[in-house]
Structure formats: structure tokens, C-alpha cells
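In what follows, a structure is listed as C-alpha cells, so that the remarks can point back to it.
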2 protein chains.
Amino acid sequence: MPTVSSEELAAAAGVNSAKLRKDFSYLGSYGTRGVGYDVEYLVYQISRELGLTQDWPVVIVGIGNLGAALANYGGFASRGFRVAALIDADPALTGRAVAGIPVQHTDDLEKIIQDNGVSIGVIATPAGAAQQVCDRLVAAGVTSILNFAPTVLSVPDGVDVRKVDLSIELQILAFHEQRKAGEEAATPDGGGPAAVARKESADKGPDGDVPAVMPA
Amino acid sequence: MPTVSSEELAAAAGVNSAKLRKDFSYLGSYGTRGVGYDVEYLVYQISRELGLTQDWPVVIVGIGNLGAALANYGGFASRGFRVAALIDADPALTGRAVAGIPVQHTDDLEKIIQDNGVSIGVIATPAGAAQQVCDRLVAAGVTSILNFAPTVLSVPDGVDVRKVDLSIELQILAFHEQRKAGEEAATPDGGGPAAVARKESADKGPDGDVPAVMPA
DNA sequence: TGTTGTGAAAGAGTTCACAGCA
DNA sequence: TGCTGTGAACTCTTTCACAACA
């Protein structure tokens, strides 16, 4: 299949074809009227725009279960990410290989970052160690941090941080689950702070359906 | 601090106070004019709306590094989730405890789901096993699935699936990192599919800044 | 002819601004 | 007086619909 139409792609993605065409148009005019989009060319252009055509060396700090899971995760390589080093504070782990990569000690963090030209760091340490690790990564030249530790990191301007909360998606499922369960039954309450009366009439949004605060 | 104003909360969250008030208003009229919101009452109402006041038993299937990391994750308990069981297909793991919870064999999956009244399942298996596990979970009565396996699951109507891709956040960081690096340098290209000329003028969106396809 | 690329219209989401009330 | 709750205005996003064109 050398070419594909916006209609086909939109059906596959479950979105409106006009939206898809407009989104693509922000990247450039890569389609051919009457024909569609050249698949190979489109894939390349999107890959390039997203940075998939570059090699991104990353370090993972904190090689517990989560760090090890990330080191073994297959999805990184195909998106241009290369795990350049694994770092942990536990001397017992130093030298041991995880996913074929030797774990190095935190003492050498700065040297590892500089030797490998790393600009993206992944923090998978316990919450207590995260800020300190973050500070050292930033001082060593890292400008983007992916934080799996359950704590908010503070960083200087110019450094990007994204926090991954493994329970937030579960939270969203539970929210919908709750709605499924309570479709006819009365609102489950169970008490709550005494003293203050609940206003029954105002519990739901004006459309009487899904409160507007939750992703669909 | 017994009460808090929308202005204070908005500043803390980095949003507009009117937006915050309007969002709260969809849950009900829980504030007091001239005073603000009673903190305890507000926390309770939001918790209840989000389902945090309920007990949600979940099972985790696939106790590799990721499954173990999830079983150990502290953030679940505080949000009303209780890991009711760990399930793995490897007989060598059966009976071993992870995070204090014994691993059970996949053979008993249906019985485990039913005995514990589980409606939310977490899949942390390799991609190849995910659909099969999913089918069995659904058949046993699970109606919400959190999928960490790098594969798209198909489920019947009425079952919710959410997919977590551990590399997507890294992708977003790399995208911004690329922009930081290329702020003045020419667009890094490096070839690409031959034969087709790139239209230099159209590479960026009409605002000449961030293409509209990436979260800020 | 068939499909893109895109102005214009419609729809959602956000912010303003102020009446209403404690 | 001070802060909420909310209609109205504004802004951003999505969809429609069709001219342009390979």
C-alpha cells in the first residue's frame, strides 16, 4: 500500500478526516490531491517532526523494579531512545547487568552524563532521593527529566520535567467504574464530615451526566 | 487552615481562579460567599466524586519487573486501590511473595476474580500474552482494564481499556529537547526517502512556533 | 475523478466581570 | 466587605464544505 487517504487514516484512528488533514497541514503539504499521502514519505516526515530520527541517549537512575522494567522496555529503541547508562546508589548493584547494561554507581553520575552527551534523564528512585538526583542531573547538563518518583521536583528555568503517576490511569478507570455501578442506585455516600449538610440537588453537573472534570 | 479561597487554590495549581470555581460548581455549591471553601468538606466531596472513598480491589497479571513495581507502588493504597491478588503464568513464581502478597497461578484467574469481587484488572504481561489474559479477565467479570503491554487490546462493549505507554512521555520530552537544540540551527534533516523534495516553507505551523500537534 | 488543503461555521473550553449572598 | 457562582464574551478547537488541482 504505497499511499493512504485521510479518510482511511481517520477511520483507523477513530477521528474526523478533516481534523487529520488540518493537523497534517501544520507540518506541511505532504499529500497529493486526488491520491492521498505517500506512506513512506509521511511516516518519515512525522518521525522527523517528533524527533524519532534522532538518537537520544538517556540515563535511568534508580534500578529497582521500575528502573529494571524501564531498562528492559522494548518500546524505547524503536523511538530513537538508547539507554546509555543505568545508575544506582546501592554498591551491591554496581557492575551487575540489567537488560545487558551494567549498573554504575551514583558517584560517577556527572562523568557518565558528560561522557555520553546525555540530555534526558529518567528518575526511578524512591521519593526521598529524587530531588537530590534531579539536582545532580541538572548540574551535570541534563535539560529534560522524566520523573517516576511520587514527588514534585523543582528545577531551574529551561529544564523540562514530566511526572508519570502510575495510579492516575487507574483512577480514571475507577471513576468510570463508579458511574457504571451507580447508574440506577442512589449515590453512594457513607457519611463524610459530619456537621455539613450535602446539597443533593447539586451533586452532578448541569447536563446531569458526566461531570466535566474527567477525561472521557 | 480551615478554609481556602478559589484564588489561593488557583495560584497553587497554576490556573485561573474563575476556571477553578466553575469546575467546582459542576460538583455542587460547596463554597461560602465571602469566606471560601471549607477544606475538609471540599476534600471529602472531591474524593467521593473521584471514587477515592470506595475500596477498589484490583488484580495485577504478569509479575515481571513492571508487575512487581506496581505491586510495590505506594500510591495505590492512598487512592482507594487494594491489590487483591498477583497472578503469573510462571509456576516458579507461584507461592512466592511480592510486596507481601503471594503470587498465584494463571490457572486460578477466574476463581480469584470472582472470590474477590474484582472489577479492575492490570495487565503487565509481555505483549504476546496480553490479549489472552484480557479475554479471560473480561469473561470472569472484569469491566475495566489498565494495559501496560505494548499492544492494542480488543474488548466487548461496556469494558473500558486504558493503555499506558511508558515511552510516550519520553517522546514528549525529546520533542521539546529537539526544539531547544534547533532554536537557531537549521532544521536537522539527514536525508530521508529520496525522490521527494521537501517543501522548506511549510515545515512549521502558521504561527511559526510550536506545531499544534504536541502537548505543551 | 478523487482527495487534499483550508476558509468559514459550529462547538467547546476559558476568562471576564459582576450580581448575590454570608 | 469579600468571595462565590455564573451569564456573557472571548478564544481555541473541531467540523463542514468546497475550490484547487494531480
Side-chain angles (χ1 to χ4, degrees), chain A residues 1-46 49 172 195-216, chain B residues 1-46 49 193 195-216:
Chain A
M1 190 184 220
T3 67
V4 65
S5 70
S6 62
E7 202 64 61
E8 291 169 292
L9 283 174
V15 300
N16 180 294
S17 69
K19 179 179 197 311
L20 192 139
R21 287 200 300 279
K22 184 149 278 189
D23 283 358
F24 281 4
S25 78
Y26 290 121
L27 304 179
S29 295
Y30 297 143
T32 307
R33 288 163 203 250
V35 178
Y37 299 89
D38 179 88
V39 173
E40 188 196 5
Y41 185 53
L42 182 64
V43 166
Y44 170 72
Q45 288 299 343
I46 293 175
E49 188 72 36
I172 294 170
V196 196
R198 263 203 315 126
K199 297 173 188 170
E200 292 293 347
S201 63
D203 273 352
K204 296 298 176 207
D207 61 0
D209 195 19
V210 184
V213 288
M214 213 54 171
Chain B
M1 192 185 217
T3 67
V4 65
S5 71
S6 62
E7 202 63 62
E8 290 169 292
L9 283 174
V15 300
N16 180 296
S17 68
K19 179 181 198 310
L20 193 138
R21 287 199 300 279
K22 185 150 279 186
D23 283 358
F24 281 3
S25 78
Y26 291 120
L27 305 178
S29 294
Y30 297 142
T32 306
R33 287 163 202 251
V35 177
Y37 298 90
D38 179 88
V39 173
E40 188 195 6
Y41 185 53
L42 182 64
V43 166
Y44 170 71
Q45 288 300 342
I46 293 175
E49 189 71 35
V196 196
R198 262 202 317 126
K199 295 173 189 170
E200 292 293 347
S201 63
D203 272 353
K204 297 297 177 209
D207 60 0
D209 195 21
V210 184
V213 287
M214 213 55 171

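First the proteins, then the strands, lettered A, B, ... as listed; each starts at 1. What you are looking at is a predicted structure, and each value in this text was computed from that prediction instead of being measured.
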From B:Glu8 atom CD to B:Thr3 atom OG1, the distance as rounded to the nearest 0.5 Å: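 With rounding to 0.5 Å, CD (B:Glu8) is 7.5 Å from OG1 (B:Thr3).
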Interatomic distance where [atom1] belongs to [X] and [atom2] belongs to [N] [whole Å]:
X       : N      : atom1 : atom2 : value
B:Leu9  : D:dT4  : CG    : C1'   : 13 Å
A:Tyr26 : C:dT6  : OH    : C1'   : 9 Å
A:Leu20 : C:dG5  : CG    : P     : 11 Å
B:Asp38 : D:dT4  : CG    : P     : 13 Å
B:Leu27 : D:dG5  : CG    : C1'   : 13 Å
B:Leu42 : D:dT4  : CG    : P     : 11 Å
A:Glu7  : D:dA17 : CD    : C1'   : 13 Å

Side-chain heavy atoms of A:Val15 within contact of A:Asp23, under 4.5 Å: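 Of all side-chain heavy-atom pairs linking A:Asp23 with A:Val15, none is under 4.5 Å.
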Side-chain heavy-atom pair B:Thr32, B:Asp38 within 4.5 angstrom cut-off: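 Not touching, per the 4.5 Å side-chain cut-off.
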Derivation of the ring pair (Phe, Tyr, Trp, His ring centres under 6.0 Å) call for B:Phe24 and B:Tyr30: CA-CA 8 Å; B:Phe24 281 3; B:Tyr30 297 142; 8.6 Å; no
Donor + acceptor pair across side chains of A:Glu40, A:Tyr44 (<3.5 Å):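 A:Glu40 vs A:Tyr44: no donor-acceptor pair found between side chains.
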Sugar-phosphate, base or nothing in reach of A:Ser6, heavy atoms under 4.0 Å: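 Sugar-phosphate contact only - A:Ser6 comes under 4.0 Å of backbone atoms but never of a base.
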Contact under 4.0 Å: A:Tyr37 side-chain N or O vs D:dA22 OP1/OP2: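 For A:Tyr37, the contact criterion (side-chain N or O under 4.0 Å from OP1 or OP2 of D:dA22) is not met.
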Nucleotide-resolved protein contact map, nucleotides 15-22 of chain C, B/S/- at heavy-atom distance under 4.0 Å: BBB-BBBS
Least distance between heavy atoms, B:Met1 atom then B:Val39 atom: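 Taking B:Met1 first and B:Val39 second, the nearest heavy atoms are O-CG2, 3.6 Å.
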Atom of A:Ser6, atom of A:Ser17 and distance for their closest heavy-atom approach: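 That closest heavy-atom pairing would be O-CB, 3.8 Å.
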Angle by which the axis turns from one end of the helix from C:dT1-D:dA22 to C:dA22-D:dT1 to the other, five pairs per end, to 10 degrees: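 Taking the rotation axis at each end, their angle is 10°.
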